[in-house]
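What follows is one structure encoded as structure tokens, with my remarks underneath.
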Number of protein chains: 2
Amino acid sequence: MKLSTKGQYGLKAMISLGVYGKEDYIPLKQIAEDIDVSENYLEQLIALLRRAGYIKSRRGSQGGYQLAVDPKDITVGQILRALEGSLAPTSCSCEDSSFECTNHDKCITQGVWIKIRNGINDVVDSIMLEELVSDYENIDKGEN
Amino acid sequence: MKLSTKGQYGLKAMISLGVYGKEDYIPLKQIAEDIDVSENYLEQLIALLRRAGYIKSRRGSQGGYQLAVDPKDITVGQILRALEGSLAPTSCSCEDSSFECTNHDKCITQGVWIKIRNGINDVVDSIMLEELVSDYENIDKGEN
DNA sequence: TCAATCCCTAGTGATTTGCTTGGGATTACT
DNA sequence: AGTAATCCCAAGCAAATCACTAGGGATTGA
């Protein structure tokens, strides 16, 4: 029942971009240093977030990445689902339900999995990226 | 972010034992048939639940398994944690915290993981095994 | 005694994870 | 126009984990 490192690094990348703001495009290299992960791997995670419409990019020299949305308009849940897929604990409790329980009316436990899924979504959709960005900025202030 | 089949089969095994009640010891074979899983695999899952004190066993002829607790005294959360370990989404958010974040004061995201963990635990600890057992019994009634 | 049952450990093929590698396309700057 | 900086993309791969299987030992009731 663990999140993969995609969710962990990817969310940190979004926080990092949130801190930089929207004036410049930040190169991959810099974000990778900030959150201590290899550039090549981070690139793949950022691609997921870009395809989801949460990050925009500019190629070439002076290029880089930037948030495509305002941190107060996006939830941690949106970010994690873009990176990890559904946060449901079983395939039979995914939102799209393309994987249905074979014995769907007799499956007692499916109700449990759906409650877990809803519980997770409630938590992560109640946290805006903005909150984490300002947490980060406050810690920096406190330490210097 | 998926539960393993341990949690899924193990919880079903507990429901099955709950339905049988405490008069007889139910042999592994019968439980395995009920929930459609191999005996050898189920045996390993039941061993986890036995070591956690939730199932008792009798060896030898006429032996088998039986709940060691009343279904109204045990939560789905206790069962899942016995099978899966902590339901925390990262090792740095486990209850025992033997895996600490290396950069523990600067880690912004740890707060998110702990909220997810608590959200999951709240859901699963609010469901008693008894509820699932009676759901099962009601479905059987409805179908025959 | 012996058949039924639980108990335990080791092995194993398939899948997923967490990357690395390497080449191509685009852009700013000179 | 050339070149360095950067993003984009797909393939490959070692290690870990998952979901079992296999098989032998211990215990108990008839």
Side-chain angles (χ1 to χ4, degrees), chain A residues 1-13 16-17 20 24-68 80 83-86 89-92 99, chain B residues 1-13 17 20 24-68 80 83-86 89-91 99:
Chain A
M1 193 64 179
K2 290 282 177 284
L3 229 44
S4 74
T5 58
K6 286 185 196 176
Q8 303 180 49
Y9 289 131
L11 179 57
K12 286 182 183 177
S16 182
L17 286 174
Y20 285 119
D24 294 312
Y25 280 83
I26 311 300
L28 181 65
K29 189 178 178 180
Q30 193 169 337
I31 310 168
E33 267 174 25
D34 285 352
I35 67 180
D36 198 34
V37 62
S38 84
E39 293 175 44
N40 284 323
Y41 187 41
L42 180 60
E43 188 177 42
Q44 293 173 34
L45 312 185
I46 287 188
L48 295 171
L49 293 163
R50 183 174 47 79
R51 290 179 202 130
Y54 303 146
I55 287 179
K56 58 187 172 184
S57 61
R58 198 165 63 184
R59 300 169 78 162
S61 183
Q62 304 297 107
Y65 299 99
Q66 193 179 83
L67 285 188
L80 291 180
L83 292 157
E84 302 264 345
S86 171
T90 62
S91 51
C92 73
F99 294 93
Chain B
M1 194 63 178
K2 290 282 177 287
L3 228 47
S4 74
T5 58
K6 286 185 195 175
Q8 304 180 48
Y9 288 131
L11 178 57
K12 286 183 183 176
L17 285 175
Y20 284 120
D24 293 313
Y25 280 83
I26 312 298
L28 180 66
K29 189 178 178 178
Q30 193 169 338
I31 309 168
E33 268 175 24
D34 284 352
I35 67 181
D36 198 34
V37 62
S38 82
E39 294 175 46
N40 282 325
Y41 187 42
L42 180 60
E43 189 177 41
Q44 293 173 35
L45 311 184
I46 286 187
L48 295 171
L49 294 163
R50 182 174 46 81
R51 288 178 202 130
Y54 303 147
I55 286 179
K56 58 188 173 183
S57 60
R58 199 164 62 183
R59 301 170 78 163
S61 182
Q62 304 298 107
Y65 298 99
Q66 195 179 81
L67 287 187
L80 291 180
L83 292 157
E84 302 265 343
S86 170
T90 62
S91 51
F99 294 92

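Atom set for the values below is all heavy atoms of this structure, side chains included, hydrogens, waters and symmetry mates excluded. Labels below follow one simple rule: chain letters A, B, ... track the order of the sequence lines, proteins then strands, and each chain is numbered from 1.
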Discussion item. Could you report the tightest heavy-atom contact between A/Glu39 and A/Lys29, atom names first, then the distance?
Written reply: OE2-CG, 3.5 Å
Worksheet entry | Euclidean distance, atom CG of residue B/Leu42 to atom C1' of C/dC7 [Å, nearest integer] | 14 Å
Response to the item:
Closest heavy-atom pair, B/Leu28 versus B/Tyr65, reported as atoms and distance to 0.1 Å, is CB-CE1, 4.0 Å
Practice prompt. Specify the separation, in whole Å, of atom CD of A/Glu43 and atom P of C/dT21.
Written response: 14 Å
Worksheet item: What are the two closest non-hydrogen atoms of A/Leu83 and A/Leu48, and how far apart are they?
Response: O-CD1, 4.0 Å
Worksheet entry | Start and end of chain A contact along DNA chain D [non-hydrogen atoms, under 4.0 Å] | D/dA5 to D/dA11
Worksheet item: The side chain of B/Tyr65 lies closest to which of these nucleotides: C/dC6, C/dG22, C/dC19?
Response: C/dC6
Discussion item. I need the minimum non-hydrogen distance between A/Asp34 and A/Ser16, along with the two atoms involved.
Written reply: OD2-OG, 3.0 Å
Worksheet entry | Any residue of residues 48-57 of chain B with a heavy atom less than 4.0 Å from an atom of DNA chain D | none
Practice prompt. For DNA chain D, determine which residues of residues 29-40 of chain B have any heavy atom closer than 4.0 angstrom to one of its atoms, and list them numerically.
Written response: B/Ser38, B/Asn40
Worksheet item: Looking at CD of A/Gln8 and CG of A/Leu80, how far apart are the two atoms once the value is rounded to the nearest 0.5 Å?
Response: 9.5 Å
Discussion item. Any non-hydrogen side-chain atom of B/Tyr41 less than 4.5 Å from a side-chain atom of B/Thr5?
Written reply: yes
Fill in: Nearest-angstrom distance from the residue atom CZ of B/Arg58 to P of C/dT5
11 Å
Item to complete: Rounded off to whole Å, could you give me the CZ-to-C1' distance for the B/Arg59 and C/dT5 pair?
Response: 9 Å
Worksheet item: About how many Å separate CD1 of A/Ile46 and CD of A/Gln44, when rounded to the nearest 0.5 Å?
Response: 11.0 Å
Worksheet item: Quick check: does any side chain N or O of B/Gln66 sit under 3.5 Å from a backbone N or O of B/Leu17, one acting as donor and the other as acceptor?
Response: no
Worksheet item: Considering heavy-atom distances to DNA chain D, does B/Leu3 or A/Ile46 have its closest nucleotide positioned more toward the 5' end?
Response: A/Ile46
Worksheet item: When rounded to the nearest 0.5 angstrom, what is the spacing between CG in B/Leu42 and CD1 in B/Ile35?
Response: 4.5 Å
Worksheet item: Taking for each residue the nucleotide of DNA chain C with the nearest heavy atom, is it A/Thr5 or A/Gln62 whose nucleotide lies nearer the 5' end?
Response: A/Thr5
Discussion item. So A/Tyr25, base contact, sugar-phosphate only, or nothing? Heavy-atom distance under 4.0 Å.
Written reply: nothing
Item to complete: Figure out the CD1/C1' separation between B/Ile26 and C/dC6, and round it to whole Å.
Response: 14 Å
Discussion item. Quick check: closest heavy atoms across A/Leu3 and B/Met1, and the distance to 0.1 Å?
Written reply: CD1-SD, 3.4 Å
Worksheet item: What are the two closest heavy atoms between A/Ser91 and B/Lys2, and how far apart are they?
Response: N-CE, 3.9 Å
Discussion item. Please report the distance, rounded to the nearest Å, between OH in B/Tyr41 and C1' in C/dG11.
Written reply: 15 Å
